[in-house]
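Here the structure is laid out as structure tokens; the discussion comes afterwards.
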Number of protein chains: 2
Amino acid sequence: MKKASERKRNTYHVGNLRVLLLSAAREMLEEVGPTKLSVRAVSDKVGVSCTAAYHHFANRTELVGCLAAKGFDELATVLAEQDRGTPKEEKIRTASLAYFSFARKNPALYQLMFGPEFSDSEMISELQSSRREAFGELKRIVAEYLDKDAQTAEVRGAALAGWSHTHGLASLVIHNVVRPPAEITDERFVDMSLEGFRSIFAG
Amino acid sequence: MKKASERKRNTYHVGNLRVLLLSAAREMLEEVGPTKLSVRAVSDKVGVSCTAAYHHFANRTELVGCLAAKGFDELATVLAEQDRGTPKEEKIRTASLAYFSFARKNPALYQLMFGPEFSDSEMISELQSSRREAFGELKRIVAEYLDKDAQTAEVRGAALAGWSHTHGLASLVIHNVVRPPAEITDERFVDMSLEGFRSIFAG
DNA sequence: ACCTGAACACCGTTCAAGT
DNA sequence: ACCTGAACACCGTTCAAGT
């Protein structure tokens with residue numbers, strides 16, 4: 001009883017509502033899917049009126065854009081971690097694997113990151129820079145693999161090819177367009193596809 | 001005046017409402033984007049109450065699923081057409097190009113086809129079979145390129161790799177994650193990426 | 001400065017009723 | 001058999017008002 005006013009205060013002026021909303025959103029994301037994450041439901045979960053969210057985010061796109069930006073940050077981190085200490089010849093394979101398994105572990109987040117929500121100009125700069133950084137990490141890895149400068153056309157092309165391939169593979173699997181046989185590990189599946197490319201270029 | 005009853009009849013019993021709804025949806029799709037296509041707006045455009053749509057489609061997903069299925073049919077057709085008469089060594093490149101430019105010409109449709117709307121079981125059989133047919137076309141082309149039987153593991157792997165790559169490339173471009181330089185044609189862009197792969201495997 | 005309630009325009013979907 | 005209107009539960013977003 002004596003806590004009534006205190007509790008009311010707590011829920012009225014939360015203070016760090018922005019981060020509470022973001023982490024609630026992240027928690028709900030994988031349950032409800034990338035398209036059905038609503039400002040109202042997220043606010044509800046935090047225990048705050050849905051209009052409160054609009055003091056911290058301009059709109060739903062911005063909220064969801066922050067989530068996506070964090071996703072790219074995580075992805076860049078994972079890529080860098082897995083790359084550390086990997087011998088040169090294995091770098092592409094290791095990066096592809098790290099990328100693919102990040103996508104599989106966070107399917108809804110991954111769909112958000114590459115989904116149709118930020119098609120054009122309605123995109124926050126935070127997302128744009130996080131994205132760029134993740135792609136930068138990829139280019140860095142490819143540059144080391146090829147032993148070329150990261151700014152060369154060759155590295156850019158190879159990074160684009162590698163990104164396209166792994167992103168495509170992850171996207172097809174996540175959307176159930178392609179179903180990897182149940183007995184096959186992520187590792188073997190990525191290898192299968194890389195091997196497939198090798199045989200295309202062998203001819 | 002004398003046409004009043006006739007007109008009423010026309011809009012009451014349209015008869016082929018199903019196809020009218022689908023073509024209205026297809027028309028709106030590229031304008032409003034893949035996520036914002038609503039049953040209500042489509043029905044409005046046809047001039048019919050939105051509940052009428054529910055006599056022809058179980059729900060929004062089914063309506064939008066039919067659209068996606070038609071997309072896969074078109075894609076399969078385009079691939080087959082472009083492949084006809086292409087010399088063996090050029091088959092992969094031609095197919096990649098046909099695929100990529102289909103995606104670029106129909107960005108919203110493409111996003112729908114590979115979007116998050118049909119993540120799991122809520123998918124109609126029509127879509128599943130159209131998809132399978134499009135992938136079958138791809139496998140056929142790869143099989144001819146490699147001069148192997150379409151059922152071999154090698155062809156399956158190569159088709160998976162090729163599909164992943166081109167789908168990934170198209171997806172990155174459509175979502176503005178990667179922006180091909182304005183002065184570069186689709187053709188050169190696809191070539192750049194294929195060339196990038198070649199240099200990855202040259203090492 | 002930060003939060004709320006009421007309100008508006010839009011959804012998907014259902015159900016009883018009309019032709 | 002096919003279509004409609006009213007209704008419900010959900011959205012995003014805005015605005016005037018509270019603390």
Side-chain angles (χ1 to χ4, degrees), chain A residues 4-22 24-25 28-29 31-68 112 115-119 122-124, chain B residues 4-22 24-25 28-29 31-68 112 115-119 122-124:
Chain A
S5 67
E6 189 185 309
R7 194 186 295 152
K8 197 170 181 193
R9 268 222 129 175
N10 281 349
T11 59
Y12 200 93
H13 261 220
V14 280
N16 58 341
L17 184 53
R18 190 190 156 89
V19 339
L20 286 183
L21 287 168
L22 279 173
M28 300 177 68
L29 180 57
E31 283 172 44
V32 304
T35 59
K36 278 169 204 152
L37 192 72
S38 75
V39 180
R40 287 180 114 114
V42 171
S43 309
D44 252 34
K45 173 148 185 164
V46 174
V48 91
S49 92
C50 78
T51 47
Y54 285 86
H55 285 92
H56 302 271
F57 302 95
N59 46 37
R60 195 196 103 105
T61 305
E62 195 175 300
L63 167 56
V64 119
C66 285
L67 237 47
L112 206 68
E117 318 246 11
F118 325 106
S119 31
E122 48 181 347
M123 200 187 30
I124 53 177
Chain B
S5 68
E6 188 185 310
R7 194 185 296 151
K8 196 168 181 198
R9 266 220 131 177
N10 281 350
T11 59
Y12 200 93
H13 261 221
V14 280
N16 58 339
L17 184 52
R18 188 190 159 89
V19 339
L20 286 183
L21 286 168
L22 278 174
M28 300 178 68
L29 180 58
E31 284 172 44
V32 303
T35 59
K36 278 169 203 149
L37 192 72
S38 74
V39 179
R40 286 178 115 113
V42 171
S43 308
D44 252 34
K45 173 146 185 166
V46 174
V48 92
S49 91
C50 76
T51 46
Y54 286 85
H55 284 91
H56 301 272
F57 303 95
N59 46 37
R60 196 197 103 106
T61 305
E62 194 174 301
L63 166 56
V64 121
C66 284
L67 237 46
L112 205 70
E117 319 244 13
F118 325 105
S119 32
E122 47 181 347
M123 201 189 26
I124 53 176

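Below, all heavy atoms of this structure are taken into account, side chains as well, without hydrogens, waters or symmetry copies. Residue numbering restarts at 1 for every chain, and letters A, B, ... go by the order of the sequence lines.
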Taking the side chain as C-beta and beyond, is there a heavy-atom pair between [X] and [Y] under 4.5 Å?
{"X": "A:L67", "Y": "A:L37", "value": "yes"}
{"X": "B:L22", "Y": "B:F57", "value": "yes"}
{"X": "B:V64", "Y": "B:F118", "value": "yes"}
{"X": "A:M28", "Y": "A:V42", "value": "yes"}

A:N59 meets the side chain to side chain contact (heavy atoms under 4.5 Å, CB included) criterion, sequence neighbours left out, with A:T61, A:E62

Listed by chain and number, what are the side chain to side chain contact (heavy atoms under 4.5 Å, CB included) partners of A:T51, not counting sequence neighbours?
A:S49

Restricting both atoms to N or O, compile the protein contacts to nucleotides 11-14 of chain D shorter than 3.5 Å, with distance only.
{"unit_1": "D:dC11", "atom_1": "OP1", "unit_2": "A:S38", "atom_2": "OG", "d": "3.4"}
{"unit_1": "D:dC11", "atom_1": "O5'", "unit_2": "A:S38", "atom_2": "OG", "d": "3.3"}
{"unit_1": "D:dG12", "atom_1": "OP1", "unit_2": "A:V39", "atom_2": "N", "d": "3.0"}
{"unit_1": "D:dG12", "atom_1": "OP2", "unit_2": "A:V39", "atom_2": "N", "d": "3.2"}
{"unit_1": "D:dG12", "atom_1": "OP2", "unit_2": "A:R40", "atom_2": "N", "d": "3.2"}
{"unit_1": "D:dG12", "atom_1": "N7", "unit_2": "A:R40", "atom_2": "NH1", "d": "2.5"}
{"unit_1": "D:dG12", "atom_1": "O6", "unit_2": "A:R40", "atom_2": "NH1", "d": "2.8"}
{"unit_1": "D:dT13", "atom_1": "OP2", "unit_2": "A:Y54", "atom_2": "OH", "d": "3.0"}
{"unit_1": "D:dT13", "atom_1": "OP2", "unit_2": "A:R60", "atom_2": "N", "d": "2.8"}

Gap between atom NE2 of A:H55 and atom CG of A:L21 - 0.5 Å precision
12.5 Å

Using whole Å, report how far CZ of B:R18 lies from P of D:dA1.
17 Å

Report the distance from atom CG of B:D44 to atom C1' of C:dC10, rounded to the nearest whole Å.
11 Å

Got a sec, which pairs hit salt bridge (Lys or Arg N to Asp or Glu O under 4.0 Å) with one end in residues 34-54 of chain A, sequence neighbours left out?
A:E27-A:K45

For DNA chain D, the dot-bracket pattern of Watson-Crick and G-U pairs whose distances stay under 3.5 Å, | for other-strand partners
||.|||||...|||||.||

Under-3.5 Å donor-acceptor pair between B:H55 side chain and D:dC2 base
no

